[in-house]
Chemist: 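I have a structure I would like to understand better, so I am pasting it below and will then ask my questions one at a time.
All values below were derived from every heavy atom in this structure, side-chain atoms included, with hydrogens, water molecules and symmetry-related copies excluded.
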Amino acid sequence: MKKITLIKMEGCPYCAAAFRAIDELKQNYPPADIEVIDENTQPKLAGKFADYYYVPTMYVDGNKIYEAHPGETYEECRANVKKVFEAANG
């Protein structure tokens, strides 16, 4: 499985939804190497990814697969996190 990078912010409701989706979906995929970067506490690491605006944003081997958007439903988030797992597993 390829490396997944997740950029998040503490207290973000969309990030909480992404972690919920990860917990649900990881049972259906091989164990994933997920690097979690907090934009506020690790700005240098987050700064290496200059092509996102919203969090959570998820990359597979450095390629952006998912970036949340305002108003996103949990179902949309879950579908996008599933795409990330599929890309990491492919």
Side-chain angles (χ1 to χ4, degrees):
M1 185 165 232
K2 299 172 187 168
K3 180 181 177 181
I4 297 170
T5 302
L6 167 63
I7 300 177
K8 69 157 190 111
M9 286 178 62
E10 191 67 35
C12 168
Y14 300 107
C15 296
F19 281 107
R20 177 179 157 203
I22 288 168
D23 285 342
E24 289 177 13
L25 291 167
K26 69 181 179 185
Q27 299 169 14
N28 301 321
Y29 293 92
D33 176 17
I34 302 176
E35 174 187 28
V36 178
I37 299 172
D38 188 298
E39 187 178 77
N40 291 327
T41 62
Q42 299 169 293
K44 286 184 181 180
L45 284 176
K48 293 180 181 180
F49 300 89
D51 65 339
Y52 78 96
Y53 186 77
Y54 295 108
V55 291
T57 299
M58 298 179 77
Y59 298 84
V60 174
D61 280 350
N63 297 308
K64 183 168 65 171
I65 305 295
Y66 165 52
E67 180 174 357
H69 62 85
E72 180 176 83
T73 66
Y74 175 72
E75 291 74 23
E76 290 174 297
C77 174
R78 189 179 189 282
N80 283 306
V81 171
K82 184 177 180 181
K83 289 178 188 175
V84 170
F85 273 92
E86 288 169 354
N89 200 38

Chemist: Which pairs, with at least one residue in residues 40-50 and sequence neighbours excluded, count as a side chain to side chain donor-acceptor pair (under 3.5 Å)?
Modeler: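 Counting only pairs at least two positions apart or across chains, no side chain to side chain donor-acceptor pair (under 3.5 Å) contact touches residues 40-50.
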Chemist: Is it possible for you to say whether M58 and I37 belong to one hydrophobic cluster, with membership spreading through side-chain heavy-atom contacts below 4.5 Å?
Modeler: no
Chemist: Centres of the Y54 and Y14 rings: under 6.0 Å?
Modeler: no
Chemist: Under 4.0 Å between a side-chain nitrogen and a carboxylate oxygen: does that hold for E76 and R78?
Modeler: no
Chemist: So, the side chain of E39 versus the backbone of I7: is there a donor-acceptor pair under 3.5 Å, distance only?
Modeler: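 No, E39 side chain to I7 backbone: no donor-acceptor pair under 3.5 Å.
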Chemist: For the pair K26 and I34, evaluate side chain to side chain contact (heavy atoms under 4.5 Å, CB included) and give the outcome as yes or no after the intermediate values.
Modeler: CA-CA 11 Å; K26 69 181 179 185; I34 302 176; over 6 Å; no
Chemist: Hydrophobic cluster membership, with links at side-chain heavy-atom distances under 4.5 Å among I/L/V/M/F/W/Y: are Y74 and F19 in one?
Modeler: no
Chemist: For residues I65 and F85: do they belong to one hydrophobic cluster (side chain heavy atoms under 4.5 Å, members Ile, Leu, Val, Met, Phe, Trp, Tyr)?
Modeler: yes
Chemist: Just so I know, are the side chains of K2 and N63 near enough to count as touching, which here means a heavy-atom distance under 4.5 Å?
Modeler: no
Chemist: Let's go through T57 and F49 carefully: what are the C-alpha distance in whole Å and the side-chain angles of both, what is the deciding distance for side chain to side chain contact (heavy atoms under 4.5 Å, CB included) to 0.1 Å, and is it a yes or a no?
Modeler: CA-CA 10 Å; T57 299; F49 300 89; over 6 Å; no
Chemist: Say whether V55 and I4 are linked into one hydrophobic cluster, either directly or through other cluster members, by side-chain heavy-atom distances under 4.5 angstrom.
Modeler: no
Chemist: Could you tell me which non-hydrogen atom of A18 sits nearest to which non-hydrogen atom of P56, and how far apart they are?
Modeler: CB-CG, 3.7 Å
Chemist: Taking only Lys NZ, Arg NE, NH1 and NH2, and the carboxylate oxygens of Asp or Glu, determine whether D61 and K3 approach each other closer than 4.0 Å.
Modeler: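 Not counted as a salt bridge, because no side-chain N and carboxylate O are separated by less than 4.0 Å.
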Chemist: Does Y52 share a hydrophobic cluster with M9, counting links as ILVMFWY side-chain heavy atoms below 4.5 Å and allowing steps through other members?
Modeler: yes
Chemist: Could you go step by step and tell me if V84 and L25 meet the side chain to side chain contact (heavy atoms under 4.5 Å, CB included) rule?
Modeler: CA-CA 10 Å; V84 170; L25 291 167; over 6 Å; no
Chemist: For side chain to side chain contact (heavy atoms under 4.5 Å, CB included), just list the numbers for K82 and Y29, CA-CA rounded to whole Å, side-chain angles, deciding distance to a tenth of an Å, and then say yes or no.
Modeler: CA-CA 10 Å; K82 184 177 180 181; Y29 293 92; 3.6 Å; yes
